[in-house]
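Please read the structure below before turning to the comments.
Just so it is clear, the structure is predicted and the values come from calculations on it, not from any experiment. So you know, we letter chains A, B, ... as the sequences are listed, proteins then strands, and number each from 1.
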Amino acid sequence: MRKVAMCFSLFQFPRCRIQTLANSWQEAFPKLRGRGIYTSTFQVLGSNNHGLEGGHYRRSCKKTITTKTEGNNKSSQSNKTSIKSQISAKSTGANLNIYNNRIIEAERTQVLDLRQKISENKELAKLVTFIVFDIETTGVRRKIDRIIEIAFQDLAGGRNSTFQALVNPECNIGNSEIHGISTAMVNRADVPRMEDLIPLLLQYIKSRQKPDGFVVLIAHNARTFDVPFLCEEFSRYSYKIPQDWLFLDTLPMAREMMKSQGLKEQKVNLQALRSYFEIPVLGSAHRALADVQTLALVLQKMTFNLKLPLPDLIEKYSFSDLDLVKTKKERNSR
DNA sequence: GGCCCTCTTTAGGGCCTT
């Protein structure tokens, strides 16, 4: 019997739903079932009310130039409907671009509104789920290289607050010396591919989310590495980053903290920060879950040093995937 | 690749992620 090289766990759900989710997972991934991947140590401790809905997030822009609104934001939906009505059915390539740009702008405005609302109403920060994450990859070129390991940790803690999985990149790994993950470890039928994993990842994050709340995903160098990599993988398999996700980069936080303490020359990579805060080594460096656990502790120290309450943290350092798109466009137009 | 800093902005080097 093959074992899935993945640990996926959810919590806070009645045991009666356990079997339901396990069954749904098997139904959702017939390819995996055919390859014997769903069996054995795959650990599902519960479910929630959302079910396995990876397909719910699939973006169909390529075929229908429409996007799906997440949650119950009626204003965003009406914005898009309004925009849609302005576009002729005889759309040319040019106005298709205009349409897509307007969709992106409408979604981006919604994200800005979200951050502004939190800034104005500090109580909304209570609805945030903070999740630290990290990826290991076959290299640093997001268009070419692939994710081979991913880990998440909900900072609220509690039972089963982590998600960790190896990913089958379906290619050879040339940088095993960095993270210790070899081709033989992941390039095998019983390790899920990113395409298989995204629905589980979405389900895990949804399970940690508060009702009507949103998520802030935190990583070190998130803006230029982890988030673009994640977005690239989502896009590769026609998935959309949910609109109730924000991202937070701890790298500029670390630079600002060091600067404020007169240590401008101090290195701010994760291992240097671990040493600076005298955090003990947690597992193997450059393995996703170990780095996540380290960053969680570093973040705690940094927010204390910077005297940053959560709403200010979000307002100052968070961004959305759409911000990255706009930044790139602005840069290209210069 | 993007951000930050400086010997700067008409640029270049170093850092950060794997």
Side-chain angles (χ1 to χ4, degrees), chain A residues 131-153 164-187 191 194 197 217-236 247-277 279 282-296 298-299 302 306 316-334:
Chain A
I131 296 177
V132 176
F133 80 105
D134 186 50
I135 57 173
E136 303 303 321
T137 67
T138 57
V140 293
R141 303 156 302 177
R142 65 174 177 270
K143 292 285 184 187
I144 300 169
D145 292 310
R146 306 298 298 272
I147 293 175
I148 52 174
E149 188 178 41
I150 191 162
F152 296 84
Q153 181 179 350
Q164 183 270 331
L166 286 170
V167 185
N168 182 350
E170 298 182 300
C171 64
N172 288 329
I173 297 172
N175 61 344
S176 298
E177 73 283 0
I178 301 283
H179 38 60
I181 300 171
S182 66
T183 303
M185 285 170 66
V186 293
N187 210 347
V191 175
M194 200 64 201
L197 202 59
L217 290 161
I218 304 161
H220 200 56
N221 203 17
R223 183 177 285 274
T224 58
F225 186 75
D226 298 80
V227 174
F229 244 104
L230 195 64
C231 290
E232 191 68 33
E233 292 280 17
F234 268 59
S235 173
R236 185 171 287 128
F247 299 97
L248 195 147
D249 191 346
T250 50
L251 183 58
M253 281 179 68
R255 285 182 173 138
E256 183 174 329
M257 186 201 70
M258 292 302 182
K259 193 176 174 183
S260 72
Q261 299 186 2
L263 299 169
K264 207 159 53 177
E265 300 301 317
Q266 170 75 35
K267 284 186 176 292
V268 289
N269 63 57
L270 188 57
Q271 298 314 314
L273 291 170
R274 184 187 58 71
S275 298
Y276 179 79
F277 288 119
I279 295 168
L282 303 166
S284 306
H286 285 302
R287 286 300 299 265
L289 189 56
D291 284 356
V292 158
Q293 290 169 335
T294 299
L295 183 58
V298 166
L299 177 67
M302 285 201 299
L306 289 168
K316 193 166 184 180
Y317 294 106
S318 72
F319 61 96
S320 74
D321 58 313
L322 299 172
D323 289 331
L324 298 183
V325 174
K326 182 168 186 187
T327 304
K328 194 171 183 179
K329 280 187 176 177
E330 286 171 347
R331 198 166 35 250
N332 291 339
S333 67
R334 285 173 198 160

- Message: Would you measure the distance from the P atom in dT18(B) across to the matching atom in dG13(B) and give it in whole Å?
- Response: 25 Å
- Pair E136(A) + R287(A): basic N to acidic O under 4.0 Å: no
- Is there a side-chain contact (heavy atoms from CB on, under 4.5 Å) between E233(A) and R146(A) once you walk through the steps? CA-CA 8 Å; E233(A) 292 280 17; R146(A) 306 298 298 272; 3.3 Å; yes
- How far, in whole Å, is dC7(B) from dG1(B) if one measures between their C1' atoms? 24 Å
- Closest non-hydrogen atom pair, V292(A) against A151(A): CG2-O, 3.6 Å
Listed pairs, N/O of protein and of nucleotides 14-18 of chain B, under 3.5 Å:
residue	atom	partner	partner atom	Å
dC16(B)	OP1	V268(A)	N	2.5
dC16(B)	OP1	N269(A)	N	3.0
dC16(B)	O2	N221(A)	ND2	3.1
dT17(B)	OP1	L270(A)	N	2.8
dT17(B)	O4'	N221(A)	ND2	2.9
dT18(B)	OP2	H286(A)	ND1	3.1
dT18(B)	O3'	E136(A)	OE1	2.5
dT18(B)	O3'	T137(A)	N	2.9
dT18(B)	O2	N175(A)	ND2	3.4

- Looking only at non-hydrogen atoms, find the nearest pair between C171(A) and T138(A) and report the distance. SG-CG2, 4.4 Å
- Query: Which whole number of Å gives the distance between the C1' atom of dA11(B) and that of dT17(B)?
  - Reply: 24 Å
- Message: What is the separation between atom CZ on F229(A) and atom P on dG2(B), rounded to the nearest whole Å?
- Response: 13 Å
- Task: Please state the P separation for the pair dT10(B) and dC15(B) - nearest whole angstrom.
- Result: 25 Å
- Query: Given atom CZ of R223(A) and atom P of dC4(B), what is their separation to the nearest angstrom?
  - Reply: 8 Å
- Report yes if a side-chain nitrogen or oxygen of K143(A) is closer than 4.0 Å to either non-bridging phosphate oxygen (OP1 or OP2) of dG1(B); otherwise report no. no
- Do D291(A) and T294(A) have side-chain N/O donor and acceptor atoms under 3.5 Å apart? no
- Query: Would Q153(A) and Q164(A) count as a side-chain hydrogen bond (donor to acceptor under 3.5 Å, both in side chains) if you check the C-alpha gap in whole Å, the side-chain angles of each, and the deciding distance to 0.1 Å?
  - Reply: CA-CA 9 Å; Q153(A) 181 179 350; Q164(A) 183 270 331; over 6 Å; no
